[in-house]
Protein chains: 2
Amino acid sequence: MVSPAEASAACCAPLAQQPIPAPAAGALAQAFKALGDPIRLQLMSMIASAPDGEICVCDLTPAFTISGTTISHHLKVLREAGLIDGERRASWVYYRARPELMRQLSALLAVGEPVPA
Amino acid sequence: MVSPAEASAACCAPLAQQPIPAPAAGALAQAFKALGDPIRLQLMSMIASAPDGEICVCDLTPAFTISGTTISHHLKVLREAGLIDGERRASWVYYRARPELMRQLSALLAVGEPVPA
DNA sequence: CGGTGACTTCGACATGAGTCGAGGTTGACA
DNA sequence: TGTCAACCTCGACTCATGTCGAAGTCACCG
């Protein structure tokens, strides 16, 4: 679980600009680790690119050969990393991406062009 | 190990724009997994932000409490993920970041602003 | 109220990953 | 040639993680 405090403490300076302090590294590494599995990466992309901004678990599950139980586990990992949010509506559960953290990770990996003198 | 072919096949469309195909997901997940450890994330940031663009292992090791063996292991993981490159010069080994993959990962995580009608 | 469908949680198992100490390799230097 | 320092590889251990089936919860619908 990543607390908002940890997440913002970890904030924005690009990796290539200054070393990450140890506490921030822990919080950020959790997010990267969550993306460090092919199935979770696909889940994440399916959720983030969903036309309505959200997608039903019942639309995710059939795209994989693994069991629904395992899908559910992976969604939990993404949820606990702060990358997605789930909401139950009627019988179904819908997930949507949380862009803040994605933006933060993207910024972290940003590489400046070679310094132009 | 990520081959150049895999890496470029995985290329550039942001996560939030279209779902990642399964083969690309495998290659990219490996890179994220490599960053998904606090120590490796700190190593990566120390290497990427090194003033001379490179840094000696002997300057990395004392920043941590774990053994040199383990540092070496983590560097290998980053190397095999295609995130860094190592080179032996005289008695020392120097590492430098490989910006291409970093840029690719950053682009993948990029989130567009909400579509302005 | 009971049944059914859509998840999630629980418990168990096999595999993977982080860690270390011991020992190998490479290069400098006397 | 021998020695020493820096780093890597190997083998072993422990703990974390991906996976599944079974059972639980929640909500709709007869």
Side-chain angles (χ1 to χ4, degrees), chain A residues 1-2 22 25-44 46-47 50 52 54-96, chain B residues 1-2 22 25-44 46-47 50 52 54-96:
Chain A
M1 194 74 70
V2 176
L28 291 167
Q30 192 192 359
F32 283 122
K33 176 148 55 172
L35 294 174
D37 177 281
I39 291 178
R40 284 198 294 269
L41 197 53
Q42 287 182 83
L43 284 171
M44 188 68 211
M46 292 175 71
I47 294 170
D52 301 323
E54 64 180 13
I55 189 170
C56 175
V57 175
C58 59
D59 289 325
L60 295 171
T61 307
F64 301 88
T65 56
I66 61 179
S67 74
T69 303
T70 304
I71 299 282
S72 192
H73 162 69
H74 285 306
L75 289 172
K76 181 180 180 182
V77 172
L78 289 171
R79 218 183 321 127
E80 290 184 345
L83 285 162
I84 60 175
D85 242 357
E87 183 195 356
R88 171 158 215 148
R89 277 209 306 280
S91 291
W92 298 277
V93 177
Y94 293 85
Y95 280 95
R96 54 176 58 241
Chain B
M1 195 74 70
V2 175
L28 291 167
Q30 190 192 2
F32 283 122
K33 176 148 54 173
L35 294 173
D37 178 281
I39 292 178
R40 283 198 295 267
L41 197 53
Q42 286 182 83
L43 284 171
M44 188 68 212
M46 292 174 72
I47 295 169
D52 301 324
E54 63 179 15
I55 189 170
C56 175
V57 175
C58 58
D59 290 325
L60 295 171
T61 308
F64 301 88
T65 56
I66 59 178
S67 73
T69 303
T70 304
I71 300 280
S72 193
H73 162 68
H74 286 306
L75 289 171
K76 182 181 180 181
V77 173
L78 289 170
R79 219 183 320 128
E80 290 184 345
L83 285 162
I84 60 175
D85 242 357
E87 181 194 359
R88 171 156 215 149
R89 278 210 306 281
S91 291
W92 298 276
V93 177
Y94 293 86
Y95 280 94
R96 53 177 59 239

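Proteins get letters first, then strands, A, B, ... in listed order; numbering begins at 1 in each. The structure displayed is predicted, hence computed values, not measured ones. Excluded from the calculations below are hydrogen atoms, water molecules and symmetry mates; all remaining heavy atoms, backbone and side chain alike, are included.
At whole-Å resolution of the value, CD1 in A/I39 and C1' in D/dC20 are 13 Å apart. Here D/dT17 presents its C1' atom at 13 Å from CD1 of A/I66, a figure rounded to the nearest Å. Rounded to whole angstrom, the span from the NZ atom of A/K76 across to the P atom of D/dG18 amounts to 12 Å. In this structure, the CD1 atom of B/I71 is 13 Å from the P atom of C/dG18, given to the nearest Å. Rounding to whole angstrom units, OH of residue B/Y94 and P of D/dC8 are separated by 13 Å. For the pair B/F32 CZ and C/dA17 C1', the interatomic distance rounds to 20 Å; values are reported in whole Å. Between the CD atom of A/E87 and the C1' atom of D/dA27 there is a distance of 15 Å, rounded to whole Å. Between the CG atom of A/L43 and the P atom of D/dG18 there is a distance of 12 Å, given to the nearest Å.
OP1 or OP2 of C/dC20 has at least one side-chain nitrogen or oxygen of B/T70 nearer than 4.0 Å. Contact check, B/R40 against C/dG18: a side-chain N or O comes under 4.0 Å of OP1 or OP2. Applying the 4.0 Å criterion to OP1 and OP2 of D/dC7, one finds that B/H73 has every side-chain N and O outside that range. Within the structure, every side-chain polar atom (N or O) of B/K33 is placed at least 4.0 Å from both OP1 and OP2 of D/dT17. Contact check, B/Y95 against D/dC7: no side-chain N or O comes under 4.0 Å of OP1 or OP2. Distances shown here put every side-chain N or O of B/S91 at or beyond 4.0 Å from the OP1 or OP2 atom of D/dA5.
Comparing C/dT8, D/dC20, D/dC7 against the side chain of B/W92 picks out D/dC7 as the nearest.
Taking 4.5 Å as the limit, some side-chain heavy atom of B/L60 sits within range of a side-chain heavy atom of B/L75. Contact of the A/I47 side chain with the A/L83 side chain is not registered, since no non-hydrogen atoms from C-beta on lie closer than 4.5 Å.
Comparing A/V77 and A/A90 by the nucleotide of DNA chain D that holds the closest heavy atom to each, the one mapping nearer the 5' end is A/V77. Remark on DNA chain D: of its neighbouring residues A/R89 and A/S67, the 5'-side contact belongs to A/S67, judged by nearest-heavy-atom nucleotide. Along DNA chain C, the nucleotide nearest to A/T69 and the one nearest to A/R88 differ in position, and the one closer to the 5' end is contacted by A/R88.
B/R96 contributes no side-chain N or O that, together with a main-chain N or O of B/A50, makes up a donor-acceptor pair within less than 3.5 Å.
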(message) side chain to side chain contact (heavy atoms under 4.5 Å, CB included), that's the test. Do A/R40 and B/F32 meet it? Break it down for me.
(response) CA-CA 11 Å; A/R40 284 198 294 269; B/F32 283 122; over 6 Å; no
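Residues B/A25 and A/L41 approach most closely at O-CD2, 3.7 Å, considering heavy atoms.
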